[in-house]
Amino acid sequence: MTGSAPAPLLRGPVLRRALLDALRKLDPRHLLRNPVMFVVWVCSAFTTLLWIHSLGGHGEARPGFIFQIALWLWSTLYFANAAEALAEGRGKAQADALRASRRQVTAKRLKGPGSRAWTPADSATLQVGDLVLVEAGDTIPLDGEVAEGIASVNEAAVTGESAPVIRESGGDRSAVTGGTEVLSDWIVVRVTHRPGDSFLDRMIAMVEGAQRRKTPNEIALDILLAALTLVFLLAVATLLPFSRHAAASAGAGSPIRLTVLVALLVCLIPTTIGGLLSAIGIAGMDRMIRANVIATSGRAVEAAGDVDVLLLDKTGTITLGNREAVAFLPAPGVEALALAEAAQLASLPDETPEGRSVVVLAKEAHGLRERGLQELDVRFVPFTAQTRMSGVDLGDRAIRKGATDSVAAWIEAQGGIFPPEVRAAAEAVAREGGTPLVVAEGPRALGVIHLKDIVKGGIRERFAELRRMGIKTVMVTGDNPLTAAAIAAEAGVDDFLAQATPERKLRLIRDYQAGGRLVAMTGDGTNDAPALAQADVAVAMNTGTQAAKEAGNMVDLDSNPTKLIEIVRIGKQMLMTRGALTTFSIANDVAKYFAILPAAFVLTYPQLRSLDIMRLHSPESAVLAAVIFNALVIVALIPLALRGVAFRTLPARDLLARNLLVYGLGGLVVPFAGIKALDLAVTWLRLV
Amino acid sequence: MSPLFLLLVTGLILALALLAPPLGGYLGRTLDGEPLPLDRVLLPLERALFRILGVGPGDRMDWKGYLGALLAFNALGFAFLLALLRLQGHLPLNPMGFKGMAWPLAFNTAASFVTNTDWQAYAGEAALGPLAQALGLTVQNFLSAATGLAVMAAVARGIRRRKATSLGSFWVDLVRVTLRVLLPLSLLFALFLVSQGVVQTWVPALHAAWVAPPPPGAPAEQLIPLGPAASQLAIKMLGTNGGGFFGANAMHPFENPTALANLAQILAILLLPAACCFAFGRMVRDRRQGWAIFGAMALLLLLPTLLAGWAEARTPAALRAPAVVQVQGSLEGKEARVGVEASTLWSTATTAASNGAVNAQHDAMAPLSGLAQMVLMQIGEVAFGGVGSGLYGMLVFVVVAVFVSGLMVGRTPEYLGKKVEAFEMKMAALVVLVPSALILGGAAATLLHPDAGRWISAPGPHGFTQVLYAWTSAAANNGSAFNGLTADVPFLDWGLGLAMLAGRFAPVAAVLAMAGSLAAKKRTPPGPGTLPTHSPFFAGLLVAVVLLVGALTFLPALAVGPLAEHLAPLGKVIP
C-alpha cells in the first residue's frame, strides 16, 4: 500500500462528481438507512419551516437567526453526504476503468472437446461448460479454466500489472479472467462463470460499493448510535415542558425556543460519526483495493481485524521462494573439487533457481567457470516425480543429484553402496533447516550439496510486531519436522506445521477455531480450497486456481502471501477509525451542553450563566457557534475518515490508552476551543 | 467537609472491602450449587422444598424459560400482595382495624414491593396491620431481592458457559439464595437490631401519658404504634428494599435507635450489592473481574458522596451573615441525634444502592446533595445498586465500554472471551433507554398535568426537583422519597407504579436475553490483543462511560432542577 488517500481524491473530476452526488443524497429516502442523519434531515426541514413562518413577522426569533441555523443544519447533512460521495468517488472511477475492459467480444466457441473447429459466438450467449479457443491477440471472453494449451496473458486490466503471466492447463496456474488478453500462443478455455457473474463483474460491484452490506460491527455501532439519538431526543424533547414549568413558576422569561431546541438536538446526536460512518467503511474497502486485494464482502475485511492466528506458507512468505546452495560436503575420499565439478555439470542445464545457485557456488568457491552446453555432449535428464532426481548423461558418465533416499536407491540399483557418512551429512543439513541434495556419479556417491532456505530479510521483526498485536503466526510447510523447526526458529514464528497436507491444514484450522480463534490463511492451489473455505479470512492468490479463488473470501491480485499482514492492518484500522470517531463525537457533546444550556435558559434562570465557562458573546452567537462547529467538524474529519487513524502495533491496553487520550480527551477539549473561536468569528462578522 | 465525614466514608469503603469478598464467595458458592456450611441442617430442608416445587438442582432453563418462570412468579407475588392490601379490612391480624387500600394506592404499593423499589405513598403505621406488613411486604422484600440475585446468577452463567443454552433453574436459584443467604443473614441482623432497641412485638400500640402538657385539642393519651419491626427492617436494609415499618423510616427512633445501629444499617445497605461483585467474579472464574467492578462501583459511590459531603458542610453564600453560624453544617431536615455527617453518608449510600431507606429529609438538604442522590439513581443504580440488579446493570455498561474500547483497539469487542455483537448492543441499549425514558417522560407528563401545581409544594427549580426525584426513584427502583410531593394521587400512584414495573422487568428481560445470547457463543481465549477488563484502567474507563451516559441524558434536567437552585441567589428562589 502506498501513498495517502486524500491527496489524489480531492482533485478535479472525482471531487466535482462527489460534490454533485452529495447534493443528490439529500433525498430523505437515501438517508433512511442512517437514523442519525435522518433526524438531522427532519430537523433541517423543521427549522426551514420555522424560518418561513418567521418571515411573516410572528416568528419566535429573528428570521435571520433562524435562517442561519437552518442553513448550517442543511450544511451538516451536505458535508456528511460529501464524505460518503468522496469515499465512493475513487471506487467509481476505478469501476469505470474496469467496465471498459468488460466489453463484449466475439468468442470462438468450439464444437466439442478435442475438436478444433469453431463457430463465432457472442460472449453474452456463452454457457458454463462451453469451450472457447483463445489465440494470440484475442480477449478472453469470460472467466474460465485452461482446458488445453499454454499462453502468456496480459492481466493488466485486472491486476494493473503489465508484465504478462503464463496460464496453462492443469496445475495451479490454470485460471483465466474474462477481459484479459492473450499475447502469444493459444489456449482452450472452459467457461466457469456466466456472463454478469464473472470475477470482473464482482470486482466492479465491490469497488462501486453497490453490494456493500453493513458489517456486523457496523450494525452493532448503528444500534449504539440510534440508542444515543433516542436518548438525546428524550432529553431535548422533555426540556420543552421542563422549561415551560420553569418559566411559569419563576414568572420570568419564556420557554425555550424551538429553534434552539432543534439546534441543541442536532448538536448532541452523534452526527460526526453518523455522518462519516459509511465513508469509513467505503474507504476501508478502497484501501484494500489499493493494496490490490479484492474482498468479497466488507464482513471479510472486518474479520481480518479480528484474526488471532495467521497460517503462512513457508515458501514465498517466510523464505524466498528459492533455495540457495551454500556448501559442498564431499563424501569420504572424494575431493571437494570433484564434487563441485560433478554438481556443476549436473546443474548446468537445470534452469531452476536452485540449479543456478549450484553453478554459482561452484564458480565462487572453486573457481569453476561455467561451461557452454554446446561444447559438451550432454543429455539432460529432467526431474520427474517418479525418479525425484535430475542430472546429465555426459558420454558414459551419468551424474545425478536428488533427495537422499532416491539417490541411495539409484546407487544401490547399480550395485553400489551408499556410504553412511553421506547419509549422516545429509541428515545434519536437514537438521539445520537446509535441504540436502546428494550428488552421485554412477554407483558412487560424491557428497552432499547443502541447499539453504533463505529467510526473508525483516520478516522476524514483522512476526514480533504481530505477536505484540496478539496475533500468533504458524508456518506451514511440506518439509520434515527437523527442517521446519530450524526455519521456524530462524524466522521467529510461534509455531509450525511440518509435512503439511491439505487434510492436516484443514484439521489445524478447525482445532484453532474450536479453541475460539479466528484463523487467516493464504493459498493458491486447488488442494488449498477446503482449508481456504474453512478459514475465517482466506486470501486466494490471483495466480491460483479457480477453485482456490472461489473458496477464499479475498483475492490478492499481486499474489503476494505477505499481503495477509497488510490485510489485518487494514481491517483493524477500519474498526479503530470507527471507534475513535465515535468516542470523539460523544465527547464533543459535553462542550455543546456548556454552550447551549446557559443560552437556552438565559431569561428564566440567569444564574445558569455561570455554566457558560467559555464566556460566549450572546445566547444567539453561542447557539450558532455550536451548530457551525458541529457542521465543520465533519469536514475537518473527512481526511481522517478516509485515511483511517494511525495504526500502531501496541498491546491492546496501550493502544486504547493512546486513542482515548487523542480522541476521548481531544474530543472533550477541542470543541471548547472551536466553539469559542467560532463565537468570536460570528460576533466579529456581525452574523447575530 | 469535616474530618468525621471523611472518616465515615473511608471506614465504609474499607468495611465493604473487608466484608464483601467473603460474603460474595459464599454467595457465589450458593449459586454454583457447591457444598456450604450448615448443609447438615439446611440441605434436607432445601431438598424438601425442591420436592414440593418439583424441581432439582440439575434443572436447565434457557433464557426464555428462565424469564418466563421469573415473570410468572413475580406476577403471582404481585397478585397476592395486591389482594392482601385490598382485602386487609376483612383479614385477621389487623388489631388497629385498618381498611383495605384504594385501588391506585394498592397497585402502587404492590408494584413497589414486587420490584424491590419500596416507594411508599402511605405511612406504614397508619395504613397497614401486622399481617400485611409481615406476610405481604416482608415476604416480597425477600423474594424481590432473591429475584435480583437469580438474574445475576443467570447472567454470570451466560458469560461462563460456552455454546450452551441453559442459564440454570430460576426455582433452584430462588430457593437457594433465600434459604442460604437472605434468611440467615436477616436473622442475624434482626437480632442485632433488637439488641439495639428496634421493636419486635405483636403488640400493636402503646398508650402512654404525655410527658409534657399535650397540645391543645390532642387526645388525653398518646398512641405509640409498635409491631414486628426488626424482622422487616433486617431484610429492608440487606435486600436493598428500603420500605420502612414506620412512615418516618429510619428517622423513627424505633427503626434507628442508636449510633451503632445507624452505622450498621449504612453498611447493611451496601453489603450484599457489594458482595455481588465477588460472587460474580467467582462464578465467571476470574476473581479479578469482581475486584475491577467493585472498584468502579466504589468510585461511582465516592464522587457524589464527596459532593454531598461538601455541600452539606458549607454555609450557602446567602446565609453568610454575621448572625448565622453553621458550626455543624446544614442541620435542617436532619435528626440531631444522627448528625450531619452520618445523615449525608446515609443519603448517598441509600440512593447508590437501590435501597431508599432514609434517615433525613432529602428535600431539606442542599441542592447539590439532591443532585448527588439523583445522579446515583439516574446512572442506572449501578454504584453497587440493588441486590443482584446493581451488578447486572453494571454489566450492561461493561458491554458498552467494551464495545467502544474494542473498536478503538481494532478488534470485535469481547468481554471475558464472549464477543459483543449487534444483539448484545440492542439489549444494552434497552436497559439504558427504558429507565431514562420513564424518568424524563414521567416528569414531563406530570408537569403537563393540570393538577401538577397542587401536588408540588415548592416553586421554581426545587418544585421541579420534587417531580424529577419521584420519577427517578421509581424508574430506578430506588424507592427513596424527596418529600414535598403529594404522592398518593391516582395519576402518580398509577404512573409511578407502572414506571416501577417497567423499570424493573424490561431490563431484567433484556439482560436475560443478552445472557442467553452470550451463553450460546464460544469463548475466545485471551491474548495480547485482548483488552484486559480487570485492570484499574478499565475500571476507570467504565466509570467514565457510566458518568458520561448519565450526564448526557440528564444534564438538561439537572440544570433546570438542582443546578439552577444551587446557583440561584437565595432570595430569588423562594419569593
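By convention in this document, chain letters (A, B, ...) are assigned in the order of the sequence lines, proteins followed by strands, and residues within each chain are numbered from 1.
Most heavy-atom pairs under 4.5 Å with chain B, from the set Asp306(A), Asn659(A), Val236(A), Leu228(A): that is Asp306(A). Put simply, of Phe232(A), Phe601(A), Tyr663(A), Phe647(A), the one with the most heavy-atom pairs under 4.5 Å next to chain B is Phe232(A). Between chain B and the residues Asp589(A), Leu660(A), Thr604(A), the largest count of heavy-atom pairs under 4.5 Å involves Leu660(A). With respect to chain A, the highest number of heavy-atom pairs below 4.5 Å among Leu433(B), Leu468(B), Leu563(B), Thr553(B) belongs to Leu433(B). The greatest number of non-hydrogen atom pairs below 4.5 Å with chain A, out of Ser535(B), Gly453(B), Ala559(B), is found for Ala559(B). In terms of heavy-atom pairs under 4.5 Å with chain B, the best-connected choice from Leu655(A), Leu224(A), Leu656(A) is Leu656(A). Counting heavy-atom pairs closer than 4.5 Å to chain B, the top-ranked of the candidates Leu518(A), Val590(A), Val231(A), Asn217(A) is Asn217(A).
With a 4.5 Å cut-off on non-hydrogen atoms, Leu541(B) touches chain A through its side chain but not through its backbone. Residue contact with chain B, scored on non-hydrogen atoms closer than 4.5 Å, involves the backbone and the side chain of Leu608(A) alike. Both the backbone and the side chain of Phe464(B) have a heavy atom closer than 4.5 Å to some heavy atom of chain A. For Ala428(B), no part lies under 4.5 angstrom from a heavy atom of chain A. Both the backbone and the side chain of Leu555(B) come within less than 4.5 Å of a heavy atom in chain A. When heavy atoms are compared at a cutoff of 4.5 Å, Pro556(B) approaches chain A by way of both its backbone and its side chain. In this structure, chain B has heavy atoms under 4.5 Å from both the backbone and the side chain of Ala657(A). With a 4.5 Å cut-off on non-hydrogen atoms, Asp654(A) does not touch chain B at all. Proximity to chain A (any heavy atom under 4.5 Å) is shown, for Thr412(B), by both the backbone and the side chain. If you measure heavy-atom distances from Arg658(A) to chain B, you find no contacts under 4.5 Å at all. For chain A, the nearby part of Ile456(B) is the side chain; its heavy atoms alone come within less than 4.5 Å. In this structure, chain A has a heavy atom under 4.5 Å from the backbone of Arg523(B), while its side chain stays farther away. For chain B, the nearby parts of Leu221(A) are the backbone and the side chain; heavy atoms of each come within less than 4.5 Å. Proximity to chain A (any heavy atom under 4.5 Å) is restricted, for Leu447(B), to the side chain, taken from C-beta onward. Proximity to chain A involves both the backbone and the side chain of Leu440(B), based on heavy atoms less than 4.5 angstrom apart. Proximity to chain A is limited to the side chain of Val400(B), based on heavy atoms less than 4.5 angstrom apart. Using a 4.5 Å cut-off between heavy atoms, Phe242(A) touches chain B through backbone and side chain atoms alike.
Along residues 591-600 of chain A, the residues that come nearer than 4.5 angstrom to chain B, judged on non-hydrogen atoms, are Tyr593(A), Leu597(A) in order of number.
The two atoms that bring Ala235(A) and Leu552(B) nearest to each other are CB-O, 4.4 Å, heavy atoms only. Listed here is the closest heavy atom pair of Ala220(A) and Glu421(B): CB-C, 3.9 Å. For Ala444(B) against Thr238(A), the heavy-atom pair with the smallest separation is CB-CG2, 3.9 Å. Between Gly515(A) and Pro525(B), the shortest heavy-atom contact is O-CD, 2.8 Å.
Note that CZ of Phe584(A) and CE of Met408(B) are 12.5 Å apart. Values are rounded to the nearest 0.5 Å. Annotation: the span from Gln513(A) atom CD to Thr524(B) atom OG1 amounts to 11.5 Å, rounded to 0.5 Å. Note: Thr530(B) OG1 to Arg653(A) CZ = 14.0 Å, rounded to the nearest 0.5 Å. Interatomic distance, OG1 of Thr577(A) versus CG of Leu407(B), reported as 10.0 Å (0.5 Å rounding). The NE2 atom of His462(B) sits 11.5 Å away from the OG atom of Ser249(A) when rounded to the nearest 0.5 Å.
The pair Asp222(A)-Lys426(B) fails the salt-bridge criterion, with no side-chain N (NZ, NE, NH1 or NH2) lying under 4.0 Å from an Asp/Glu carboxylate O.
Residue pairs meeting the salt bridge (Lys or Arg N to Asp or Glu O under 4.0 Å) criterion with at least one member in residues 229-247 of chain A: none, sequence neighbours excluded.
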Inset, instruction - Test Val549(B) against Ile586(A) for side chain to side chain contact (heavy atoms under 4.5 Å, CB included), laying out the working first. - result: CA-CA 9 Å; Val549(B) 170; Ile586(A) 298 171; over 6 Å; no
Inset, instruction - Please test Arg411(B) against Asp308(A) for side chain to side chain contact (heavy atoms under 4.5 Å, CB included), starting from the C-alpha separation and ending with a verdict. - result: CA-CA 10 Å; Arg411(B) 250 174 102 88; Asp308(A) 300 295; 3.3 Å; yes
Legend entry - side chain to side chain contact (heavy atoms under 4.5 Å, CB included) between Thr583(A) and Val404(B), intermediate numbers included: CA-CA 7 Å; Thr583(A) 311; Val404(B) 175; 3.5 Å; yes
